[in-house]
Structure formats: structure tokens, C-alpha cells
Amino acid sequence: MTSHDEHGRPSQPPPHALAAVMLLEEIRAGLDGVTLPLALPDADQARRDASAARAQLDDYILPRYRSLDAPLLAVVGGSTGAGKSTLVNGLVGHPVTRAGAIRPTTRQPILLHNPAEAAWFEGQRVLPGLARIRGMLAAGPPPAGRPGEQSGAADSLLLVADPAVPAGIALLDAPDVDSISDRNRLLAGQLLAAADLWVFVTTANRYADAVPWKLLLDAASRDITVAVVLDRVPQGAEAEVSQDLRRLLDREGLAGSRLFIIAETVLDAHGMLPAGAVDELREWLASLASDAAGRADVARRTLSGAVRALAQRITDLAGSVREQERAAARLEADAVAAYGDAAARILDATRDGALLRGEVLARWQDFVGTGEFFRTLEQNVGRFRDRLGAFFRGEPAPAVRVEAAIETGLQAVIVDEAANAAEDTDRRWRSDPAGRQLLGPDDLSGTEPGFADRAAAEIRAWQEALMELIRTEGQGKRTQARWLSFGINGLGAALMIVMFSMTAGLTGLEIGVAGGTAVVGQRLLEAVFGEDAVRRMADQARKDLATRCEGLLKDEQQKFLQRLPAVNPALAQALAAQAGELARLAERA
């Protein structure tokens with residue numbers, strides 16, 4: 001048995017409810033982290049579902065689990081002009097809500113409760129997003145400006161204590177479910193989702209309308225207790241109309257719903273139904289209110305259905321989160337692939353001799369000279385070494401011109417391929433709705449400002465590292481030390497030329513684009529360092545260049561990747577697990 005405080009409220013939920021509350025609070029906190037930022041086909045609906053799940057947890061499921069003994073909340077809802085407010089007035093026997101021809105009428109929800117149960121509703125136990133306003137019953141018929149007539153008050157809940165409302169149940173007069181006001185329509189849906197039971201009001205000529213039936217089908221899916229009131233039924237048509245409505249209810253899974261008929265009649269001067277018009281419904285509600293076991297059954301059934309529906313929503317949400325993850329991964333992969341392909345093309349250009357054309361080849365040929373120098377290369381290595389030393393003690397064209405030409409040519413390749421990668425990524429993203437949304441009106445199809453300068457700086461840093469490599473390699477070679485001191489830049493230029501003329505390492509040099517020109521660099525380096533050392537240095541220099549180019553392109557691709565939303569890879573899995581726990585909780589409710 002649950003203990004109660006001095007206001008008749010339970011001091012704490014029983015142990016099984018406490019465990020459920022802990023699970024539900026964890027799920028509620030997790031839902032705040034579900035953003036679904038990418039423009040996928042189901043994203044808008046999934047965001048609405050996530051919002052609805054948060055609202056139902058706040059408005060109904062958590063409050064009901066925390067207070068299993070709270071009075072039932074019966075929400076009176078229905079279509080525009082169905083007579084909801086008139087029905088509520090008839091149930092308590094006097095006017096308390098606004099009823100009239102002007103639409104929409106119910107602009108502010110009014111909650112009628114027994115005075116002894118005020119504490120259940122004055123706080124934020126249910127519908128915490130609505131402010132509370134305390135209303136008073138008038139001694140006589142209310143004037144024109146009565147409760148419920150306030151405009152702009154749809155974000156508040158008017159509480160009216162009325163002894164005519166039996167203890168154990170409260171009545172909430174909701175806005176029209178098909179109101180012309182978006183605000184009223186949304187509020188009506190929120191209030192219905194917070195109900196333990198629905199008193200659904202429709203009329204003889206509108207009971208087949210689509211909007212009410214959409215809500216009734218939702219009620220059927222959540223197994224909520226529904227009482228359907230068929231209002232304004234013409235005399236003599238009761239049997240025919242009620243039979244047709246009952247057939248529809250049975251067909252749509254609402255066979256257990258109570259059906260109440262109110263005949264078409266003339267209201268009195270205060271807009272009240274004739275005495276006795278709603279006696280059957282009033283007695284049913286009073287009987288339910290007085291039966292603790294019956295109330296508990298209604299609450300349990302509705303709660304179980306709400307949790308079951310929430311479990312399905314969370315399952316669907318987990319699927320939507322996975323779709324978001326897959327879309328983000330797809331967009332990231334598109335960018336990474338485009339820039340990876342660009343890096344590969346740059347490295348290909350450093351292997352196939354493409355860089356040994358034009359200015360680079362001209363500067364290298366200026367540096368090494370022609371004629372007698374090339375004829376010397378055909379002689380033995382010893383004589384070549386003698387001529388090589390003489391060559392470097394002479395006055396050759398500065399090797400720095402070769403370095404500068406290589407820097408310019410390599411920079412052009414890198415910038416061109418980075419622009420190609422950006423254009424490719426931009427095209428791929430714009431062919432995807434999610435990518436198109438992330439890019440918006442921005443044009444990212446070129447390189448970022450300053451990229452060419454950064455590429456040039458990285459190439460110069462690579463050349464400096466290559467020179468340092470040559471210095472380090474030559475430190476242990478005493479006989480070549482003087483050559484290093486005379487020709488460090490020349491040797492560096494030669495190493496770059498050798499690198500750029502190969503398709504497969506240092507063998508097969510004859511296939512280099514520059515032909516004999518590349519042989520010059522090869523022979524020169526081997527004369528100083530030996531074949532193995534040259535092969536090792538060339539391999540290391542190529543790897544260093546590859547690393548630097550990849551770094552440049554990775555930095556450049558960030559202009560795309562930084563637009564991707566942060567993804568929590570564990571979120572979908574956590575939601576799916578929580579959905580399973582909710583399904584089990586629904587079975588125990």
C-alpha cells in the first residue's frame with residue numbers, strides 16, 4: 001500500500017514504480033541529445049516524434065508513474081463545434097466554460113477538479129509546460145468575459161475547484177482538435193496525450209471526419225480508455241447513427257469504447273443542456289471516480305499503452321539516428337575519398353616524370369650543362385668522380401634555380417589537385433539532400449584562401465628536410481665531404497630529379513621522362529653516396545613529400561568535414577536498448 005502525505009498525495013512511489021521512474025528519467029534525459037540535424041527524408045517526422053516522446057514523458061508517463069494514486073484526468077476533446085464546452089457545463093450542472101458560435105471557442109484549457117484534490121494539479125505534476133492560473137466559480141451565471149475566453153492564454157492551465165466534480169477524477173476542457181488556430185490544435189493534441197481517458201465528442205453529421213478519426217486511431221494504438229459522445233443526434237435517428245458509429249469503432253479497434261448519445265435539443269438562455277441530457281455520462285464518470293480498483297485499471301491500461309507506444313517511437317527514433325549516422329559517414333567518406341584521390345594523383349605526378357618538363361627540365365639542364373659533361377658520364381666511375389669534383393669547383397648555374405623550378409611546378413600540381421578535390425566533394429555533397437543542406441549557398445569548390453602559399457611553404461620545408469638528409473648521409477663519408485661542402489644544393493637538386501623521373505624506385509632509370517638527364521642525377525648521387533644509400537634517401541624523401549601533401553589536403557578537406565554534425569556512435573544502440581526496456585516495462589504496467 002502506498003503511503004500518503006497530509007494532502008492525500010502519495011509520499012513516494014512503490015519500489016516497482018521507482019525503478020520505472022529511474023528508467024524513464026534516463027530515457028527523457030537522453031532524448032535531449034537527439035538532434036537529427038541532417039536533411040534526410042524522414043528527419044522532420046523523426047524530430048516531431050522525438051518532441052512528442054519528450055512531451056508525453058513530461059506530461060503523462062512520468063507524472064503517472066510518480067503518482068499512481070492521483071485522480072484520473074479525463075480530457076474532453078473533439079472537433080470544432082462538437083459541443084465539448086457545453087458538455088462539460090452539463091456534467092457539472094452550471095456554466096464554467098465558454099460555449100458559443102465564434103470559433104475557436106476554447107482558447108485556454110480549463111481543468112475542473114474536486115476542491116479536496118487541488119494539490120494534485122496546482123503544482124507541475126502534469127503538463128509542467130503550462131503555467132497555472134487559479135479560477136473561481138461565480139455565484140451566478142458568468143458574464144461575457146468568463147474563464148476560457150482569454151485570448152493568448154493557451155500556454156496556461158486554468159484550474160477551477162468545483163464540488164460538482166467527484167473526487168477521484170478531473171475534467172479538462174481541451175481546444176478543438178481541428179481548430180483553425182495552429183496553437184490550439186497543437187495544444188489539443190498535447191492535452192489528449194496527457195489524459196488517462198478521453199471523452200471524445202463528435203456530432204451526428206461529423207462523426208466520420210478524418211481528423212477526429214486520426215486521433216481515435218492513435219488512441220486505439222495506445223489502448224487508452226475512450227468514451228465517445230455522439231452529440232446533436234436528430235430525433236428518430238439515434239439507432240441508425242449510433243449503429244453506424246459503433247460499426248466504425250469496432251472496425252478500428254475501439255470496440256470497448258463506451259458510446260453516449262445526446263439528442264439534438266435547444267439550449268437554455270445560459271447555453272445549458274436540458275436537465276438529464278448527460279445523466280448517463282455523468283453517472284458513468286461518477287461510478288468510475290468512486291471505484292478505486294476501476295480507476296487503477298484505467299490508469300494502468302492507459303499507462304501501459306502509452307509506454308508501449310513510446311517504445312515504438314524510441315525504436316523508430318533509433319532507426320532515424322542510424323540513418324543520420326550513415327548519411328554523415330557517407331558524406332565524410334565522399335570528402336575523404338576525393339582528397340585521397342587527389343593525394344594519389346600528386347604522388348603519381350612525382351613518379352612518372354611529369355614534373356621534369358618545361359621549366360624544371362630547362363633549369364636542370366642549365367645546371368648540369370651539356371656536351372663534354374654528358375660524354376664524361378659514359379666513362380668509368382673513377383674518372384667520373386674526378387670530373388665531378390672539378391665540376392663542383394667550377395662555376396655552374398646555381399642549383400637553387402632547379403629547387404625554385406621544382407617548387408613552382410610541384411605547387412601548381414598540388415593546388416590544381418586540391419581544387420579538383422574540392423570541386424569533386426562539392427559535387428558529391430550537392431547530389432545528396434543532407435550535403436546540400438550543409439553546404440547551403442556557400443561555394444566550396446575551390447581552394448581556401450592562402451592555400452597556394454601554404455603549399456609553397458610546405459614544399460620549401462620538404463626541400464630543406466631533403467638537404468638535411470643529404471648532410472646527415474654524407475657525414476660519415478670522408479672522401480666525399482669536400483663534394484658535399486661544394487655541392488649540397490646540387491646534390492639535393494639531383495635527388496629530387498631522380499625521384500621525379502622514376503615509376504618504380506631507382507631501378508629502370510631508362511624509362512624516366514628526362515632520359516639521360518635523369519641518368520646524370522643518378523650517377524652523380526651514386527658516385528657520392530653509393531647505390532644503396534641513394535635508393536634509401538630517395539625512398540625517404542618520397543615518403544616525406546607524401547606525408548606533407550596528405551597533411552595539406554587533410555587540412556583543406558576540413559572546410560567540408562567541419563560542417564558535419566557531431567555523431568555519437570553509441571546513441572542509436574542506446575536508444576534501441578531503451579526501447580526494449582520500455583517494451584518490457586509496458587508488459588508489467
For this session: Given salt bridge (charged side-chain N to carboxylate O under 4.0 Å, His left out), test D424 with R428 step by step and report yes or no.
Result: CA-CA 6 Å; D424 187 19; R428 295 191 197 190; 3.0 Å; yes
For this session: Take L285 and L91 through the test side chain to side chain contact (heavy atoms under 4.5 Å, CB included) and record every step on the way to the result.
Result: CA-CA 9 Å; L285 291 173; L91 288 171; 4.0 Å; yes
[X] [atom1] to [Y] [atom2] distance, which is reported to the nearest 0.5 Å:
| X | Y | atom1 | atom2 | result |
| --- | --- | --- | --- | --- |
| R232 | T202 | CZ | OG1 | 10.0 Å |
| L130 | Q124 | CG | CD | 8.5 Å |
| L230 | T203 | CG | OG1 | 7.5 Å |
| T225 | D297 | OG1 | CG | 9.0 Å |
| E323 | L38 | CD | CG | 11.0 Å |
| Q324 | L564 | CD | CG | 11.0 Å |

Has the side chain of [X] got a donor or acceptor atom that lies under 3.5 Å from a matching backbone atom of [Y]?
| X | Y | result |
| --- | --- | --- |
| E238 | G236 | yes |
| R258 | V226 | no |
| R222 | A309 | no |
| Q437 | A39 | yes |
| S304 | A586 | yes |
| N89 | V96 | yes |
| E117 | G168 | yes |
| T425 | A421 | yes |
| R282 | G90 | yes |
| K84 | S79 | yes |

Answer yes or no: is there a side-chain heavy-atom contact under 4.5 Å between [X] and [Y]?
| X | Y | result |
| --- | --- | --- |
| F200 | L216 | yes |
| L582 | L24 | yes |
| W429 | R436 | no |
| V160 | L158 | yes |
| L187 | P175 | yes |
| L317 | L36 | yes |
| D291 | R295 | no |
| L127 | Q190 | yes |

Under a 3.5 Å threshold, yes or no: a donor from one side chain and an acceptor from the other, between [X] and [Y]?
| X | Y | answer |
| --- | --- | --- |
| D196 | T302 | no |
| D176 | T80 | yes |
| S320 | D42 | yes |

Exercise. Step by step, would you call D162 with H94 a side chain to side chain contact (heavy atoms under 4.5 Å, CB included)?
Worked result: CA-CA 10 Å; D162 191 335; H94 46 261; 2.7 Å; yes
Exercise. Would F260 and W284 count as a ring-ring contact (aromatic ring centres under 6.0 Å, His included) if you check the C-alpha gap in whole Å, the side-chain angles of each, and the deciding distance to 0.1 Å?
Worked result: CA-CA 10 Å; F260 299 92; W284 179 73; 5.7 Å; yes
[X] to [Y] - nearest heavy-atom pair and separation:
| X | Y | answer |
| --- | --- | --- |
| W198 | A219 | CZ3-CB, 3.5 Å |
| A579 | T315 | CB-OG1, 3.2 Å |
| V75 | A195 | CG2-CB, 3.3 Å |
| A328 | V567 | CB-CG2, 3.9 Å |
| Y60 | A299 | OH-O, 3.7 Å |
| S67 | W120 | CB-CZ3, 3.5 Å |

Exercise. So which of V76, L112, L192, L157 actually passes side-chain contact (heavy atoms from CB on, under 4.5 Å) with L172?
Worked result: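 Single side-chain contact (heavy atoms from CB on, under 4.5 Å) partner of L172 among V76, L112, L192, L157: L157.
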For this session: Please lay out, stage by stage, how E325 and R322 fare under the test salt bridge (charged side-chain N to carboxylate O under 4.0 Å, His left out).
Result: CA-CA 5 Å; E325 292 172 359; R322 287 192 190 94; over 6 Å; no
Exercise. Can L197 and L288 be said to form a side chain to side chain contact (heavy atoms under 4.5 Å, CB included), step by step?
Worked result: CA-CA 11 Å; L197 67 92; L288 187 59; 3.5 Å; yes
Exercise. For Q45, does the CD atom have more than 12 heavy-atom neighbours from other residues, nucleotides or ligands under 6.0 Å away?
Worked result: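 Atom CD in Q45 is packed in, count exceeds 12.
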For this session: Give a yes or no on this: more than 12 heavy atoms of other residues, nucleotides or ligands lie within 6.0 Å of atom CD of E25.
Result: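 Yes, the 6.0 Å shell around CD holds more than 12 heavy atoms from other groups.
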Problem set entry | Charged tip of R125 within 45° of F121 ring normal and under 6.0 Å | yes
Problem set entry | side chain to side chain contact (heavy atoms under 4.5 Å, CB included) between L72 and V298, intermediate numbers included | CA-CA 8 Å; L72 294 179; V298 169; 4.1 Å; yes
For this session: I would like to know whether R247 and D244 meet salt bridge (charged side-chain N to carboxylate O under 4.0 Å, His left out); could you show each step before the answer?
Result: CA-CA 5 Å; R247 178 183 58 81; D244 188 47; 2.5 Å; yes
